[in-house]
Structures are given as C-alpha cells and as structure tokens.
Amino acid sequence: MNGQRDQHRQQIIHIDDRKVMSITAVDDVISFDEKQVVLGSCGGVISIDGEGLHIRKMNVDGGEIVIEGRINALTCIDKTVRRSGLFGRK
C-alpha cells in the first residue's frame, strides 16, 4: 500500500474486558505466540503482550484481526520514529 493511502486509513483498536481485542488497518502479522503478538499496521508496529493469546479471526483483505486471551499490555510504535544509537541516526 502506498504511503499516501496509509495516512488516510483510520485505525480502530477495541479491547473488551482485557480478553478480546479487535484491530483494523492491520497490514501484517510479524510474529505471534501465546505470550506476544506483533503486528504491522498503517501507523507502525503494534505489540500485544499477554497470556494464552491466539488469533481468533484474521481478514487479510480487510486488514482486521481479532485476538483472544489475557491482554496485559499494548505498545504502539509510530512509523515515523527515528532510531538512535549504534545503528540509527538522530
């Protein structure tokens, strides 16, 4: 998907009782296991940490995913964040 269209996609993250999470505008499942799911989305990387996590539903064409399990943490990393340190430039 081109960058201009990515900027106009609305992303919705919905969590029900820390047990079910639905996310729209997902482009890729980077990795997943029962303790962590890492997704690529229109806005950057989303990391979900928890226990007993599994993907209940995934619509590749629509970019929607539903994750079940005990959700302990949600981290969003913006696409525009520049890396610093040994391999990144400020």
Side-chain angles (χ1 to χ4, degrees):
M1 206 164 267
N2 68 33
Q4 188 177 21
R5 185 168 177 194
D6 283 350
Q7 292 174 359
H8 292 89
R9 288 172 58 195
Q10 180 183 22
Q11 184 163 59
I12 299 169
I13 300 173
H14 183 89
I15 303 172
D16 288 329
D17 200 26
R18 296 182 67 177
K19 295 178 184 174
V20 179
M21 174 183 286
S22 62
I23 305 172
T24 62
V26 173
D27 297 324
D28 189 22
V29 177
I30 297 169
S31 67
F32 70 95
D33 60 33
E34 65 182 23
K35 293 184 178 183
Q36 184 180 55
V37 178
V38 181
L39 307 170
S41 74
C42 67
V45 175
I46 298 172
S47 176
I48 299 105
D49 296 319
E51 301 164 20
L53 299 176
H54 64 276
I55 297 172
R56 180 177 78 183
K57 175 183 169 187
M58 185 168 73
N59 179 342
V60 177
D61 294 328
E64 181 180 356
I65 192 164
V66 177
I67 299 165
E68 290 184 331
R70 174 70 177 171
I71 299 163
N72 294 330
L74 169 70
T75 305
C76 299
I77 302 167
D78 192 9
K79 267 187 183 179
T80 60
V81 172
R82 291 182 168 239
R83 293 182 183 176
S84 61
L86 186 60
F87 296 106
R89 295 182 182 198
K90 289 185 179 182

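Count residues from 1 along the sequence.
Partners of Glu64 under the side chain to side chain donor-acceptor pair (under 3.5 Å) rule, at least two apart in sequence or in another chain, do not exist in this structure.
When each of Asp16, Ile67, Val66 is checked for a side-chain contact (heavy atoms from CB on, under 4.5 Å) with Ser22, only Val66 meets the rule.
The shortest heavy-atom contact between Asn59 and Asp61 is OD1-N, 3.2 Å. The minimum heavy-atom distance linking Ile46 with Ser41 is given by the pair CD1-OG, 3.8 Å. Closest non-hydrogen pair, Arg70 versus Leu53, comes out as O-CD2, 3.7 Å. The minimum heavy-atom distance between Asp78 and Gly43, with the atom names listed, is OD1-O, 3.3 Å. Residues Asn72 and Gly50 approach most closely at ND2-CA, 3.5 Å, considering heavy atoms.
Side-chain heavy atoms closer than 4.5 Å link hydrophobic residues (I, L, V, M, F, W, Y) into clusters, and following such links, even through other members, never connects Val20 to Leu74. By the criterion of side-chain heavy atoms lying less than 4.5 angstrom apart, applied directly or through intervening Ile, Leu, Val, Met, Phe, Trp or Tyr residues, Met58 is grouped together with Ile15 in one hydrophobic cluster. Ile13 is connected to Ile55 through a chain of hydrophobic side-chain contacts under 4.5 Å among Ile, Leu, Val, Met, Phe, Trp and Tyr, so both are in one cluster.
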Verdict with reasoning, Gln36 to Ser47, per side chain to side chain donor-acceptor pair (under 3.5 Å): CA-CA 7 Å; Gln36 184 180 55; Ser47 176; 3.0 Å; yes
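Put simply, the side chain of Arg18 gets close to the backbone of Ile71: a donor and an acceptor are under 3.5 Å apart. Looking at Gln11, its side chain does come within 3.5 Å of a backbone N or O of Thr24 through a donor-acceptor pair.
We find the CD1-CD1 distance between Ile23 and Ile48 to be 4.0 Å, quoted to the nearest 0.5 Å. Taking CG from Leu39 and CD1 from Ile30, the interatomic distance works out to 7.0 Å, rounded to the nearest 0.5 Å.
Within the 4.5 Å cutoff, no side-chain heavy atoms of Ile65 are placed close to those of Met21.
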